[in-house]
Structure formats: structure tokens, C-alpha cells
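These numbers were taken from a predicted model, which means no experiment stands behind them. Numbers restart at 1 for each chain; the letters A, B, ... are given by sequence-line order, proteins then strands.
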Amino acid sequence: MAIYINEHTNVLIQGITGNQGTFHARQMVKYGTRIVAGVSPGKGGKDVDGIPVYDTVAAAAEEHRLDASILFIPAPFAKDAAFEAIAAGIKVLVMLPEHIPVHDAMAIMAYAKSNGTVVVGPNTFGLVSSGKCKIGIMPNQFFIPGDIGVVSRSGTLCYEIVGNLTAAGYGTSTVVGLGGDRVVGLNFIEVLAEMEKDAGTKAIVMVGEIGGSAEEEAAAFIKGHIKKPVIAYLAGKSAPPGKRMGHAGAIIERGKGTFEGKVQALNAAGVPVAELPFQVPELVAAALKK
Amino acid sequence: MAIYINEHTNVLIQGITGNQGTFHARQMVKYGTRIVAGVSPGKGGKDVDGIPVYDTVAAAAEEHRLDASILFIPAPFAKDAAFEAIAAGIKVLVMLPEHIPVHDAMAIMAYAKSNGTVVVGPNTFGLVSSGKCKIGIMPNQFFIPGDIGVVSRSGTLCYEIVGNLTAAGYGTSTVVGLGGDRVVGLNFIEVLAEMEKDAGTKAIVMVGEIGGSAEEEAAAFIKGHIKKPVIAYLAGKSAPPGKRMGHAGAIIERGKGTFEGKVQALNAAGVPVAELPFQVPELVAAALKK
Amino acid sequence: MKLFEYMGKELFARYGIPVPEGGVAATAAEAAEIAGKIGSVVVKSQILSGKRGKAGGIGFTEDPQEAAELASRMLGSELRGFTVDKVLVEQKLKIDREFYLALTVDGAARKPVILASAFGGMDIEDVPEEHMVRMHLDVTIGLQPFVAREVVRRLGVTGDVARQISAILSGLYKMFVELDAELVEINPLVISGDKVIAADAKVTIDDDALFRHKDLPVVEERTEAEKKAHELGLSYVELDGDIAVMANGAGITMATLDLIQYYGGKPANFLDAGGGAGVEPTAKALELLLSKNPKAILINIFGGITRCDDVANAFAYVKQNIGIPVPVVIRLVGTNEDKGREILRENGIEAYKFMHEAAAKAVEIATGGRN
Amino acid sequence: MKLFEYMGKELFARYGIPVPEGGVAATAAEAAEIAGKIGSVVVKSQILSGKRGKAGGIGFTEDPQEAAELASRMLGSELRGFTVDKVLVEQKLKIDREFYLALTVDGAARKPVILASAFGGMDIEDVPEEHMVRMHLDVTIGLQPFVAREVVRRLGVTGDVARQISAILSGLYKMFVELDAELVEINPLVISGDKVIAADAKVTIDDDALFRHKDLPVVEERTEAEKKAHELGLSYVELDGDIAVMANGAGITMATLDLIQYYGGKPANFLDAGGGAGVEPTAKALELLLSKNPKAILINIFGGITRCDDVANAFAYVKQNIGIPVPVVIRLVGTNEDKGREILRENGIEAYKFMHEAAAKAVEIATGGRN
């Protein structure tokens, strides 16, 4: 079992002929992902290791069922590429690029919502249903099948946690990188709700960080809706207060966003928070024993 | 039984303090419609025959559950009012005004679709679930409860048909005026599908006219999806060819839109077409006997 | 509101869509002057209709004097039912290929639609579906670059021509939205050497949106009577029969004409008085009908937002103040019906209940019972 | 990118938002000249921070000479960590009421949000929730008139003031969208007699969108080292410790700092080398760390898009060509890990597998084993 993507998911790569696109196409194929087509304007008719390349997503969609797409597209052109994927009816869109203008991100999310598309990212490593389908840039070797769901705001830190889980013998069901930008497609709550329903997930690890109120909102949701054990790790305990967005930032956050506040909210929801990355597997083990 | 609206539907009137708004508020109340609130900017706090008036839809929504709204708003301001209703979560929006710019209508339909709002009109008399709820400007006395569903592109012609049905002893379940503009919210197919499911509807009368391809598309749909008897009346047999929208109009219609073509398509779908309005009840009687 | 070709091309230029060099002329002398500056030119009659070439409304020349003669022959002439007031004199293009490109409203889809074809030109309507590109647009995001990429891909063009067509499409969409157009059409869109140029322009602005485009030129297509009706807020079309018709609502008016024809009569007009017209506009509408000297007048009112007493009062007003010298048949039901019937009765008219009865009666009067 | 108040007000004026009469001055003489034209003025230090009044960065006068003195005192002075380069000299407003009005991005809602209050001014952050108007906007339709009507209703204003605030809101939204702003904030928005005027301006432009706003002024907030890091595509913040840190990814960098603190050390900086940096930028990043003379360097790489061999090669390059005079602790796992470890081994470094081990080692070195 898995959420969002699985062994039947047909994946498109937008920007497949670029360096990153080609490199990660190969990595994903190696992982077992069903990469069925690529798009690079002007390169239609070519192929990358046998993966056919099209000029437009619509052209690819004429030849293949496309369930998901991943973007290897420079930030200034990412909005157009995202719109193209959504307009073509793609239901899971993974947006790797960082530095996408926030107004573009808002426009993408609004359009995705209208069209029922799940957006992962931007500024994410992607997502992986371990052993079945990897759509992203994470190193293959750490994502081995198991029953721990992982959802993270940050990328490399998530590999770190998954690496610790793997080392302790815990495989993962689905691992989702929410993305590090202010406006991203999925939030903790939506992923937690899916993982709660997923028969392949026994426990959930949340990797959060300071700033914003996503962890506090997740805590409130866990209290009411999640019965599976949830373990958290939060980065940023030692960080100095970040730059503020005028009064408006303070008004929106209303005191949320600090490390202590997040730990408190999560603990109150019954979620233990690991202080060091390597403690995560221990807390998972303890929670699963209960 | 009824479709879209029923005796529990709470109705808002936007533009309630204008002449038309006030006149038809009274008519609707007289018919039995649950008019719970009105909106007229700058008139918040007043009332119309005891119906409380608010400055904005949001203000009305703070005090009342609002299921549907009807607009008595001049065409240049109708888009804003429609957006306001949709943004406030109203699920059935009846747009009476005619002469709404077609680009405004397209914008309204796109926004309504994203938000799951059903738009009736623009340029419609509204809709009525006979004996339960009337949201529109049709004369009360002709809409008596019964089991004939009526769906019409034109207004007064629909009263005419309903008047003929009434005179022949046939009451109506729900009567829907699709609206006379090029871009309207509901089409024949959507309403036919609802009426097919509605236990309160035994037969369906379609009132169409020349131009466009709505009747042809409806005919194709009826063939595959509608088991209840459908009777049609079409206006425009004697009309000279209308003004054309460049080559583009011809390319879009591809020969559809003529009286003869529509009759042929409907007949092929098993739908008898009345030549004169007063023949409709006879055809209904014949169909119900089968 | 349809715009003349030369107006459409002025707007094209404003939106960065390349058009041939040229100018509009109202006299032969002006035409010669423009032609003198350009050299090889085409002189095109400016009327609100296509197929001008076949009707002799388009001429080619390299000689300014001959351009003046062409203009002189066209100006003031009748062409496809229109009088030619102006000619467009512009550079004759070397035509390598003709494309078709248009944006219009697809009512069924409730969306704008791009129509394009690599087989543009006079016979575009006969181009088979597989050579026609159709792409609907989502107004919430507008025309994004990916749409243009898909259009040029389906047109089978690449490189610089693709780039130019994409840019033209982008300008065309901007114009379509900003000017509230119902149609912007380029046929043909000409590939001339390495340039892509709009050789014709059909632009129709949404009448209902003209209130926010006061800066646009006003083009009047209506006859005098239709114009008057429009000012009264009525939808009016002249026909060639003898039974004047007034009804309320486009559908019921059409159905009334159908009934007149069914009973063997001929309607003199289509007049939809719309919904909710008061006493004065209704009276004015009646006067309009009278001005065409019909043999009979048929008024068919099913009152919803229209109130029967208003219609009856309008009739009474016109009868008493202006006089109605032709027989009038009235069908009146709906809102305030009883009041309306009473007023008519006071004015010597018994209103019908059913429209087919009223139509049959009007035909009987107009044909002198011959039907 | 934060803009200075005077820049924000110039943009406000361009978008039709009323601002006080005035001008910006870089010298006392300029300040006197502007004050002379206006009369009663306020002189405001232009720094990228609020709370200038409490810090003495704002003064009032009716005398041009005194305005010059105020400006002279402010210019070049240090205020809340910034040097004052310019002062804004503008008309002193009669303040009847102070409102708050802002547009920003609500990440949780993924939408723009309007924040407004009838209780604007210095203590806006303490205004209770029930006096704060929050309205999210749907970018697919933008800011429609009904939104402005609802905002002024909730603010409790009517009539002409409501009309003016609606117009300001509309201009503010246009600016927010067209300039890719993350924040446009007016505090206070002043009711002065029958006029509504923006008495302050806080505008922040999205750094990631600056590529499409080449016409905007460039405001540099970064230190020299931060600027250099930015040019290398690195996210860098100076801190006051002695262990230089480089990691790849903001989250793991934060976690690395947390570990250093956990083991009793002090990080010298936050340096997120991002994903997928090649040999050269990584080498440059290392040079940057060296330039601050740390006691130890901790490199923590979990390779995804970043390749371990690239990092190792960068280390080797710097070591061989520039020299690394401080101890370096490296943790290296992920993509091309074996290659990377091999290269490091050739350069005399055994990379750690776990980040907490590496962090503990770095702290041990930096503190001389005192922890």
C-alpha cells in the first residue's frame, strides 16, 4: 500500500533533456519508477535512454496515460510548465525547483485546486512510495519498503531521518517532501490524513522546523483525527529569530512559529519530539511497542 | 421531490431594495419561497417587508444559512455580485440580468465551477420547484405541483408551454430556465441528468430554439442516458438565417443550429417535437400512456 | 458590433500584430496618395461582410492613378447589400502560405476557443476537422505560453515562424480580452518570406460590453427603425411581411412568427419588447410598428416581469393620443392579467387567452380571410 | 528585498495611493529646501526597520533651518543597526484616526490576505483579533469590488472615507501583484480631515521574482560576506561562534547548528550550499568559510541532488591550491558516497557516517576538549 503514487503510476518528466532531468530520469528508472515520457520543447521525437521525448505535455498525453509529472524546469518557467501539466489532467505534480516567485506559487496552487491536482512542492525533493515509485531526487538506497510514513518540510534533513530509520531497520511506506517554500501544495494535515487511511503505514514521522504554523496546525489535527502513532523531529532550536515580514507577519503568526511553541503543541497532541535525529528510531520503536 | 431547490432552500436576494428586487421578493414570498435575507450595499440594517437587508453577502452569511441567491443587479455590476455570492459559498446562483458581457459570463462560470456553484442563467427567469420554492420572476399562478419537469432556453416561451401544460391538467416538478445568452451556467444535459434521477419527475419537456448546438448535444445525451419520456418544442422554424460570427462561428457549429437539424437529431433520439405550443400536452399524454 | 477591416487592423497594430503597410481612403485622391507611397497595392472595399473579392470589391495595381480609379469605382457603390464609404489601400503581399487564426467564444464550453489551421484562405469553412486546431482556454489563467506551443505544434510549424505565430496569438488574446471581443479573426494569416502578417481582420465587439469601451469607434449596422428600437431597449429586426408583431421575449417572439407562418401569414418584423418594459417604452414600440403601415398588429404578451396592465395602458395611451388605424389582435396572460384585460376591454379590445388563436386571427385579418 | 519608506511611497503614488507631500534628502541643505516649500514637516530617517520614532529617528518642525539640523543629526548616524543615508522630509499630517492596512502572503492558506484594522498605529501587533479584519483573496479573480465593500464594512467606515479606503486597497492589490510583493503595508493609514493618506510605507519585493522587475531600485541589506555568498547561490548568515558550518539544505543546516549547540559549541555561520552545487561553487563556499578564521570547519553532506564526489573534489581542490589551515570534520553520505569517501581518504580525511558524531568531533576540536 502507499499514498499518492504506487507501482502503477505513469510518470512524465518535464525538462527531461537537461542535465538534471536526464540524470534523475535514469535514477528514477533505476529505482523502478514507470517513466513513460519526457517533454522538452523543440526536442520532440528524440528519446532519453529509450524514454520518448515530446514537445508539449498535450503531445505526450496523446500517446500515454500520464498520472504524475515531475518538473526539471528553471524557476522562471516553472509556472507555465505547471499549468501545462495541470491543464493536461495530470493529478500528481512534483515541483522540484526552488526560487519560484511566491505569486507564481499561489497561482499554481489555485489552478491545481480547481482541477483536482495534488502539487508536491515547490522546493521539494519529491515523494516516494518505497520500492514502488520514486518521483524526485532523493538517493535511491535509503528508501527501502517498510511501514513508516514520513512527511517533511525540509529535504536533506528528511534523508537524514530516513537514513536513521533505515539504519535501525525501519523501512518506509511513503515519504513526502512538502517543500521548503512559503507557499507549497501539500501540508502536514493532508498527508497525515492520507497516511492514517493507508493500510501500509503503521507509524508516522513528521520532520518540521521553526517558522510558520504548520506544525501547530498539524498538532491540532492529530489530536482529533490521527490514531496511528506520530513522532516528530524539529530543526531550528538554536536558530536566532528570523527576519520578519512587517507587522503583517506577526499578525498572521500571532506568536506561533517558535521551537518551544511547536514542541508544546505536538506534545499536547501526544506526539513525542526527538531532540537529535538519531533518536527518531528509538521513539518509533517505543511508540510501536505500545 | 425536486432538483436544485426545494422547500428547505434558504434564499438570498441581491439587490433587494431596487424596484424589481422588492416587487419580486414579495412575489417569491407569496409563492412560499424561504427568502431569509437581502443585500443592498449601503442599505444594511433596513428591511423589506421584514426581510433583513445587509450591506454585503458575507454580512448576511454571518446571520443566515444561505443556500441560493438571486441577482436583481444591473448587468455592469452583475459579475461582482456573482463573485460575491460564489465566494460566500452559495451553491445555487440565479442570474436574471440580461446584457451581461460575455467575457464576464465566462469568468463567472469558471469561478462557479471551481467553487461547486450551480449558476442558472444569465438572462433567465430563474427556476422553480413547483409548490416548494420559486427563485425567479415567473408568474406564480402557472407553477402548480405535478410531475412534469421542464427545461427551457427561453423565458416567456417557457411560461407559454407551462401554461399549456397547466391548462391541460399537468403540474410541474421543477422548471428550469437555462437563460438566453451565449454563455450560461446550466445546459440541457445537466438538467436532464438531474431530472432523470428525480423521483418527482415522470416526463420531461425541453423548450429549445434555433442556433447553437445545445439541442443536438442534448439529443445525443438522451439517447444514451435518459429513460424517462422527453418531449420537445422548438422555436424559430420561420426565422431567416441569423447573423454569423465570422468563419469561426461556422467552424464551431459545423452545420448544427438549424431547425431541421435539431428536429432530426431529437427525433432520432426518440424525442417527439411539437409544432405548436398547444400540442405539447398532447404529446406528453401520449408519452405517459406508453 | 462588427468593426471594419481597417479598424480591426488599426487595433491589431496596437496589439503588436503585424499588418501590411497601408491606409484608409474616403476619396480617390487619398487612395492615389497612399498607393504612391507604397507601390504595388491592393484596394479593398470596406464593408461589414466577407467574400468581397468574388463580388468585385477588391483590386490590385502598381499604378497610383489606377488605384484612384479602383477606389473611385468602389466608393459609393453597393456591395453585398452595403454601401462602400471607404477603401483600404495597402501593400500587396507576396503570399507563400495562408494560415487561419481566430479567437472566439464557445458557448457550449463556456470558454474562449482558439481556432487555427495551416489551410487558411477563402475555403476555410470546408477545411476538414483534422486540419483544424481547436484549443479551449481557461480564463482563470488566460493564454499561457504552453498553449501557444501546442497550437504551433499542431499547426506543424517550427522555428521563427512558430515564434511569430505565438506572439501574434498572444497579442490576439490580449486584444480579445481587453476589448471584450466576441471574435477576433485573421484569415488569411500570411507567411510572406520570413514574416507572418495579418492580411485581413474580422473583429466583433460584444455589444453588451460597449459601455466600458467608449474609446472604440462606433459602427452602425442597423437600419433607422432598428436603431430607434435599440434606443428604446427593444430587439427589432425588419422582415418583409404585413403583420406587425410585438411579443416579450426572444423565444416567444420567434414562436409567434412561427405561428403566423403556420397559419399562412407573413410577419412584418421581429420585435422583442424584452422583460419588464414599462408603459412608455411599450407605447413607443407600438408607434414603431405603426410607422411601417402593417395590415394588422399582433401583440403577444405572457407577463412575467412584464405586467399586463402596463401593456394595456400603453395600448390605451397610443390609441387615445395618436390613434391606431389598423386592426390589433392582443393575447394577454400573466402578471396583473385581470387588470390588463379590463383596461383593454375599456378600449374596445377583448384579449385572447391562447397565442395560436390570436395568431390565427391576425392572419385572417391580414389576408382578408384568404387563408 | 525590503524597500525604504520613500521608495515605497513613490510606488504608492504611482498606484494612486495618496501620500503626504514631500521629498527625500541626502543632505541637510536638501532637507531645508524641501521643508521650505512645505512648512510644517516631519523628518524621517530612512532605514530598513520600524520603531524609528522611539529610537529618535523622527523629528517634527515648522522651521526649514531646524529641518536641516534634524536631517544633519540623522544623516550618517546609526539607528537600530543601520546607517542613515537619507531622510524623508514631508508634510506633517493632522491625524484624526489611524488605520492599518496591509496585503501579504498567507502561506498556510496559499493565498494573499488583506489585514486591516481601525486601530492602526504603533501598537498594531497587540490589537485583539476581533478588531482585526482578515480576508483571503482568490488569485483567480483578484481583488473584486465586493471584497473592498466587506473590508470597509468590517472596519465600520462608510461614505467617502469608505470609498477612499476601497480605492487605496484596489491600488495596493494592483501593486502587490504587479510588483511581486510579499508585503505592502500602510501603518498608519491616516484619516486627516476628509482625506485618507498613507503616512508610512513598508514594501517587500519577492527576491525570487526580482528577475522580472529590473526597473525597481536595488536595496542591499546583506553584509559583504553574505552578498558574496548570495552571488555564489548560497544561503549564508553570519553568526558569532567559531565553528564554520556548511551543509546542503536549510533544514539539515539548522539541524547541524542545533547539534553543535547540543554538544556545547558555537556555530560561526549558517551556510546552506543548496542542492546540486558543483565543484567550483562548493570550493568557493569553503573559501568563504576560511575567510572568517574559524577554529574548525564542519561539513555535513547528505547527498541527494548534491554529489558526494563533487564535495570531496572541491575540498581537495581548495586544500591543494589554497590550503586549509584549520581542522575540517566531514560527514558524507548519499549520492556517489563511495567515490567521495575515497577522494577524501586520498586527502587525509576519514569522513563520518553520522552527523551527530561529526558535530561532536567539531565541538571537541573547537573547544579544545573542554566540553
- Message: Checking side-chain polar atoms at under 3.5 Å, does D:Thr335 have a donor or acceptor matched by the opposite partner on D:Arg307?
- Response: no

- By a 4.5 Å heavy-atom criterion (distance strictly below it), what part of D:Ala250 contacts chain A: side chain, backbone, both, or neither? neither

- D:Phe211, part contacting chain A, at a heavy-atom distance under 4.5 Å: side chain

- Would you please test D:Phe82 and D:Phe4 for ring pair (Phe, Tyr, Trp, His ring centres under 6.0 Å) and show each step? CA-CA 12 Å; D:Phe82 294 88; D:Phe4 289 104; 8.2 Å; no

- Task: May I ask you to say whether D:Lys266 pairs ionically with D:Asp240, meaning some side-chain N is under 4.0 Å from a carboxylate O?
- Result: no

- Honestly, the part of A:Phe125 sitting under 4.5 Å from a heavy atom of chain D is neither

- Of the listed residues (A:Arg153, A:Glu190, A:Gln27), which shares the most heavy-atom pairs with chain D below a 4.5 Å separation? A:Glu190

- Message: Assess whether a salt bridge exists between A:Lys262 and A:Glu216, defined as any Lys/Arg side-chain N lying under 4.0 Å from an Asp/Glu carboxylate O.
- Response: yes

- Tell me, side chain or backbone of D:Pro267 under 4.5 Å from chain A's heavy atoms, or both, or neither? neither

- In terms of side-chain geometry, is the basic nitrogen of D:Glu182 or D:Lys2 positioned less than 4.0 Å from the acidic oxygen of its partner? no

- So, A:Asn115 and A:Thr117: side-chain donor and acceptor under 3.5 Å apart, yes or no? no

- Output the option from A:Asp104, A:Ile100, A:Leu157 having the highest count of non-hydrogen pairs under 4.5 Å with chain D. A:Leu157

- Query: Which of the residues A:Asp181, A:Ile137, A:Leu276 is involved in the greatest number of heavy-atom pairs with chain D at under 4.5 angstrom?
  - Reply: A:Leu276

- Query: If we ignore angles and hydrogens, is there a donor and acceptor under 3.5 Å between the side chains of D:Asp206 and A:His103?
  - Reply: no

- Can we call the ring centroids of D:His230 and D:Tyr236 under 6.0 Å apart? no

- Message: Under 4.5 Å from any heavy atom of chain D, what part of A:Met109 do you find: side chain, backbone, both or neither?
- Response: side chain

- Query: Quick one: of D:Val139, D:Thr306, D:Asn248, who has the most non-hydrogen atom pairs under 4.5 Å with chain A?
  - Reply: D:Asn248

- Looking only at D:Met254, D:Gln261, D:Arg110, the option with the highest number of non-hydrogen pairs under 4.5 Å against chain A is D:Arg110

- Verdict with supporting geometry, D:Phe99 and D:Phe119, ring pair (Phe, Tyr, Trp, His ring centres under 6.0 Å): CA-CA 5 Å; D:Phe99 282 69; D:Phe119 300 85; 8.4 Å; no

- Message: Please enumerate all residues that pass side-chain hydrogen bond (donor to acceptor under 3.5 Å, both in side chains) together with D:Arg331, with sequence neighbours excluded.
- Response: A:Glu160, D:Asn300

- Examine distances only and state if a side-chain atom of A:Thr22 and a backbone atom of A:Ile16 form a donor-acceptor pair shorter than 3.5 Å. yes

- Query: What residue in A:Ser154, A:Ser152, A:Ala235, A:Pro101 has the most heavy-atom pairs under 4.5 Å with chain D?
  - Reply: A:Pro101

- Could you tell me which portion of D:Phe354 (side chain, backbone, both or neither) has an atom closer than 4.5 angstrom to a non-hydrogen atom of chain A? side chain

- With chain D, which of A:Ala75, A:Pro76, A:Ala107 has the greatest number of heavy-atom pairs at distances under 4.5 Å? A:Pro76

- Task: Select, from A:Val183, A:Leu234, A:Val102, the one with the greatest count of heavy-atom pairs under 4.5 Å involving chain D.
- Result: A:Val102

- What part of A:Tyr233 lies closer than 4.5 angstrom to a heavy atom of chain D: side chain, backbone, both or neither? side chain

- Item | Per-residue contact mode, D:Asn187 against chain A (heavy atom under 4.5 angstrom) | side chain

- Task: Identify which of D:Gly249, D:Gly303, D:Ala255 forms the greatest number of heavy-atom pairs closer than 4.5 Å to chain A.
- Result: D:Ala255

- Message: Please classify the contact of A:Val207 with chain D as side chain, backbone, both or neither, using a heavy-atom distance under 4.5 Å.
- Response: neither

